[in-house]
Asks: 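Shown below is the structure under consideration.
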Amino acid sequence: MSERITKVTTSHWGAFEVTTENGRIVGTGPFREDPRPPPIAGVLPAAIHHRTRVTRPSVREGWLKGGKERNRDGRGQDRFIELPWDEALDIAGAELERVRSEHGNGAIFGGSYGWASAGRFHHALGQVHRFLNAIGGYVPSVASYSTAGAQAIIPHVFGMNFLKLTWGHQNSWPMIAEHTETLVMFGGINPKNAQVSMGGVTRHRTLDWLRRYLDSGMRLVNVGPQRTDTIDGAEWLPVIPGTDTALMLAMAHVLETENLVDREFLSRCTVGYDRFRDYLLGVGDGQPKTPSWAAGLCGIEAERIRALARGMASTRTLITVAWSLQRGQNGEQPYWMAAVLAAMLGQIGLPGGGVGYGYGAIGGVGVPLKRLQGLALPQGENPVKDSIPVARVADMLLRPGGPYDFNGQRKIYPDIRLVYWCGGNPFHHHQDLHRLEQAWKKPDTIIVHEPWWTATAKRADIVFPATTPYEREDIGRSPNDAFIFHMAKLIEPVGEARDDYQIFSQLAARLGAGTVFTEGRDASDWQRHLYEQFLQNAASEGIEIPPLDDLKEKNWVELPIEGPEHVTVPFASFRANPEADPLDTPSGRIEIYSDRIAGFGYDETPGHPAWREPDEWLGSPDVDKHPLHLVSPQPGDKLHSQLESALADVADARPMPIIMNPADAARRSISDGDPVIVFNDRGRCRARASVSGDIMKHVVAISTGAWFDPGVDLIDQQGNPNVLTRDIGTSRIGQGCTAHTTLVDVVRD
Ligand SMILES: Nc1nc2c(c(=O)[nH]1)N[C@H]1C(S)=C(S)[C@@H](COP(=O)(O)OP(=O)(O)OC[C@H]3O[C@@H](n4cnc5c(=O)[nH]c(N)nc54)[C@H](O)[C@@H]3O)O[C@H]1N2
Ligand SMILES: Nc1nc2c(c(=O)[nH]1)N[C@H]1C(S)=C(S)[C@@H](COP(=O)(O)OP(=O)(O)OC[C@H]3O[C@@H](n4cnc5c(=O)[nH]c(N)nc54)[C@H](O)[C@@H]3O)O[C@H]1N2
Ligand SMILES: [Mo]
C-alpha cells in the first residue's frame, strides 16, 4: 500500500478526490465535474486517523461489573474496558436476547436517528433497522429533525407527503430563472447549506443560480434574522425569529383589504378561505391582522410590509420557506400560512410562482431530474407496531407509559430497556442535552456503533468501532443527483474497526437470525445484487446504466437524467382542472381550512393557520432575564458534528463563534474575539464573540456541531447550542424539533 493512489469518492457534501499513501489518507482534492467543490473534505486526513477514533470494542466498566442497576449513573463517567471482538459480541448478543425474552422487542428503541455517511449499502441506518427487524423488531422513530413539522402539516394542506412535494412538485432553478420576478425567501436560501444532501450532491450550483437571478434583475428578498442566510445583494428584511406567521398574516391582510386577492383561484382550487378571512379581519377575536399589528410582533415597519405585499401581487412571485422555520414552536404554522399566502396571490400552478420549501436547505432541491429509485438495502418487516416522533426521544425515556398527542392520535410512550444507536449522534443533535442526560440514565443498556468517541459513544455501555466509508467498498448515489460512484476501499480499517454490516451479521448469527439478516450474502454480494436490481429498474425506465464492473473501472458515471424536460410546472394540471386532477386532501383542494385539523381540538392549531405566541421569543416576559434570541443553524465547514474532532484541533477554533450584533456586544462590553458564556436556565456554554452587523439586534447565532463537553462546572466547553435549546415538540401536530425557539443571555467569560 505504499503506492500513492488517487481516487474519486462521494459523501453527503459531494464528490472529491482522496489520495492515499502507506495505508493512510494523505490528501483530498476537488472533483473536476463540480463547479464549486466544498472545502469540507480538507480535514479528512486528520479526522480519519485522529486519536479520537474508537479502535477496539469497548464496554463500560460499571455495566460490565453487573449488579441490578449496573451503575447507570456512571454513563459518561466510568472508564471503558476494551475486549476482543468475539467476547464483546457475545456480551451484546446475550443482552439483546435477555431484553427481548424478558421484555419483548417493544422494549428495544432503534430509532437511531442520524445522517451517518453516504454509500448505499453501508448506510448505517438501513443496516441497524434491517438487523433489528431480523431479530423480531423494535420501536422506530418517524420523520426527521430536519422536517418533522413540515411532514405533518403539508399532507393536510396539499394532500401529499412532504418529500413528494419537495422532490416532485416544486419549481426548478431554471423555471425560476425564466419566470420568477420576485423571490421572497423566508429564512433565506443559503448556498452554505446546499453543499450537503443525503447521499451527496455532485454539482454545487446554488450560488450560481442565485447570482444569475440577481444579475437578471429578479428581486430577491431575504426575510430572516441574518443577512448572510443568502447571497450578498439580496434585500434584507430582518424579522424577529418565530414571528414569520404574523408577518405573512399581515401581508395577507394587505392583499385582502386592497382587493389584490385572486378570488377565482381561491374558489376553484382551495377550500375554507371565508373562515380564514374572518380570522384575518379579526371577526372572532377582535384583532385584525394588520401590518401595524404585525409590526409590533415581527419588528418590520408596517409600510414595508404593505409595499412588499403589493409588490408580490403585481409580479410573478415565488415564496420560499427554509426548513429552519418549522424547527421552532408551532413551526407548522409558517408552512401552512406560506401556502395560504401563495394561494391568495393565485400563482400556484403557474411557472415560477406559488410556494416552495427547502430550496438551499440541502442540495438537490430545485434540480430538474428524473428520479430513479433503488439501490437500498431492504429493511424487512417490523412486527412491533409502535413508534415515536423522532424528536421526542427524551420524553419517551423519561415517561414510559405516559400519554402524548401526535397528529390527531393519542399515543403512549413505550417502556424502553435497550437503546441501539448506529449512525447518529443524539448528544449533538437533541435539544436540552442536560435533560437528555437524565433520560439517558433510564434504559438498562445502550449500544452504539461509532467510528469516533463522540459524546454519544462516551455515554454508551457497549461501543463497537465502525469503519468509515474510506475503509470499505460501496456504491454511492443519491436519488436527487445524476451521478453514480464506485466508492473503492481506500485504506484498511483503522484499529479493529469493522463494517456495521459485519457487526450485525455476527450479532444476528448469535441471535439465531443470521440467514434472515444476510440472506447468505456478504457485503460485495449484496452490492452486486442491489446494483443489478437498480440497473434493471433503470432500464425499464429507458435509462442505461453501465454494469458494475464497468463502473468500478470508471470510478464514476453521470446518468442522462438531468434537464428541464424532467419536470413539469408544479400543480399546473390541478390548477387547470381541479375536478379532473384533485389533490389527495379530504376536499380535493388546497386546504386553507382543514376540518380534520380543527377536529383534533388542539388550541395551538385551529382549523386554519394562526399566530400563536411562542413560549420563548423576543416579545415574551422572559426577555427581562434572557434578552437574546438564539438561532442555531447548520455549520458551513462540516456536516453536523462529523469531522469535528479534527476541526476542533485547529488553534482558536473552539469554543464555537457566537455571532452577535455590535449593539448587543457593546452593551455587554464584549469585543470581537472575546471569550463569552452563553446561558439560560437550561444550561451554559462557552463561545467566542464574533461581532457583526449581519445579524439583527437581540438575536445571536451559534452553529450546531460542537461535541457536547460539559466541564466539572457543567459549562459546555466547546459551544454546543443544544445545552441551551428547548426540548418540546413543535405542536401536537408535528411533535418536531424546536431548536430555534430559545432565549439566552451572554456575558464575558
Ligand atoms: N440546535 C439545533 N440542533 C439541531 C439542529 C438545529 O438546527 N439546531 N438540526 C437538527 C437536524 S436537522 C439534524 S439532521 C441533526 C443532525 O444530527 P446527526 O445526524 O446525529 O449528526 P451527525 O453528526 O451527522 O451524526 C452522525 C454520526 O454518525 C457517525 N457515522 C458516520 N458514518 C458512520 C458509519 O458508517 N457507521 C456508523 N455506525 N456511524 C457512522 C458519525 O461519526 C456521527 O457521529 O441535528 C439536529 N440538531
Ligand atoms: N454545510 C452544511 N450544510 C447543511 C448541513 C450541515 O450540517 N452542514 N445540514 C443539513 C441538514 S441535516 C438540514 S436539515 C438543512 C437545514 O436547513 P435549514 O433548516 O434551512 O437551515 P438552518 O441552517 O437551520 O437555518 C437557516 C437560517 O434560518 C434562520 N432562521 C432561524 N429561525 C428563523 C425564523 O424563525 N424565521 C426566519 N425567517 N428565519 C429563521 C437562521 O438565521 C438560520 O441561519 O441543512 C443541511 N445543510
Ligand atoms: Mo437535518
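Just so we're clear, the structure is a prediction, and the values are computed from it rather than from any experiment. Ligands are counted one by one from 1 in listed order, and the atoms in each one are counted from 1 as well.
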Asks: Measure up the Phe121 and Trp526 rings against each other and bin them: parallel (under 30°), tilted (30 to 60°), perpendicular (over 60°).
Replies: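 Phe121 vs Trp526 ring planes: parallel.
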Asks: Using a 4.0 Å cutoff against the non-hydrogen atoms of Ala322, which atoms of ligand 2 qualify?
Replies: 20 (O)
Asks: Give yes or no for whether the N/O distance cutoff of 3.5 Å, strictly under, is met between Asp637 and ligand 2.
Replies: no
Asks: Tell me which pairs pass side chain to side chain donor-acceptor pair (under 3.5 Å) where either residue lies in residues 188-199, with sequence neighbours left out.
Replies: none
Asks: Taking only non-hydrogen atoms of Gly242, do any sit less than 4.0 angstrom from ligand 2?
Replies: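 Contact check Gly242 vs ligand 2: positive.
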Asks: Indicate, as side chain, backbone, both or neither, the part of Asp244 found under 4.0 angstrom from ligand 2 when only non-hydrogen atoms are considered.
Replies: side chain
Asks: Side chains of Phe517 and Ser505: does their closest heavy-atom pair fall under 4.5 Å?
Replies: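 A side-chain contact exists here, since the closest heavy-atom pair is under 4.5 Å.
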Asks: Please could you name the atoms of ligand 2 that Lys192 approaches to less than 4.0 Å, counting only its heavy atoms?
Replies: 1 (N), 2 (C), 3 (N), 23 (O)
Asks: With Ser692, which residues qualify under side-chain contact (heavy atoms from CB on, under 4.5 Å), at least two apart?
Replies: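 Only Ile659, Asp694 meet the side-chain contact (heavy atoms from CB on, under 4.5 Å) criterion with Ser692.
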Asks: Should you measure from each heavy atom of Gln195, which atoms of ligand 2 turn up under 4.0 Å away?
Replies: 1 (N)
Asks: When the aromatic ring centroids of Tyr138 and Phe109 are compared, is their separation below 6.0 Å?
Replies: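 No, they do not, as the ring centres are separated by 6.0 Å or more.
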Asks: Does the N or O separation between Val223 and ligand 2 drop below 3.5 Å for any pair?
Replies: yes
Asks: Counting heavy atoms only, which part of Leu325 comes closer than 4.0 Å to ligand 2: side chain, backbone, both or neither?
Replies: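 Looking at Leu325 and ligand 2, just side chain atoms fall under 4.0 Å.
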Asks: Is it the case that the ring center of Trp173 lies less than 6.0 angstrom away from the ring center of Tyr359?
Replies: yes
Asks: Could you list the atoms of ligand 2 found under 4.0 angstrom from a heavy atom of Val239?
Replies: 38 (N)
Asks: Counting from 1, what ligand 2 atoms have a heavy atom of Gly224 closer than 4.0 Å?
Replies: 38 (N)
Asks: Less than 4.0 angstrom from a charged side-chain N to a carboxylate O is my criterion; do Glu644 and Arg654 meet it?
Replies: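 Yes, charged N to carboxylate O under 4.0 Å.
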Asks: Output all residues satisfying side-chain hydrogen bond (donor to acceptor under 3.5 Å, both in side chains) with Gln333, sequence neighbours left out; order by chain, then residue number.
Replies: none
Asks: Taking side-chain hydrogen bond (donor to acceptor under 3.5 Å, both in side chains) as the criterion, tell me which of Asp615, Asn680, Thr738 meets it with Arg726.
Replies: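 The side-chain hydrogen bond (donor to acceptor under 3.5 Å, both in side chains) with Arg726 is passed solely by Asp615 among Asp615, Asn680, Thr738.
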Asks: List by chain and number: which residues place a heavy atom under 4.0 Å from ligand 1?
Replies: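 These residues qualify: Tyr113, Gly114, Trp115, Ala116, Ser117, Ala124, Tyr145, Ser146, Arg327, Cys422, Gly423, Gly424, Asn425, His428, His429, Gln431, His449, Glu450, Pro451, Trp452, Thr454, Ala466, Thr467, Arg472, Asp500, Ser632, Gln634, His640, Ser641, Gln642, Thr704, Asn722, Thr725, Ala739.
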Asks: Centroid-to-centroid, Tyr420 to Phe504, below 6.0 Å?
Replies: yes
Asks: If we ignore angles and hydrogens, is there a donor and acceptor under 3.5 Å between the side chains of His698 and Asn661?
Replies: no
Asks: Taking distance alone, with N or O pairs closer than 3.5 Å, would you say Thr243 contacts ligand 2?
Replies: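 Such a contact does not occur with ligand 2.
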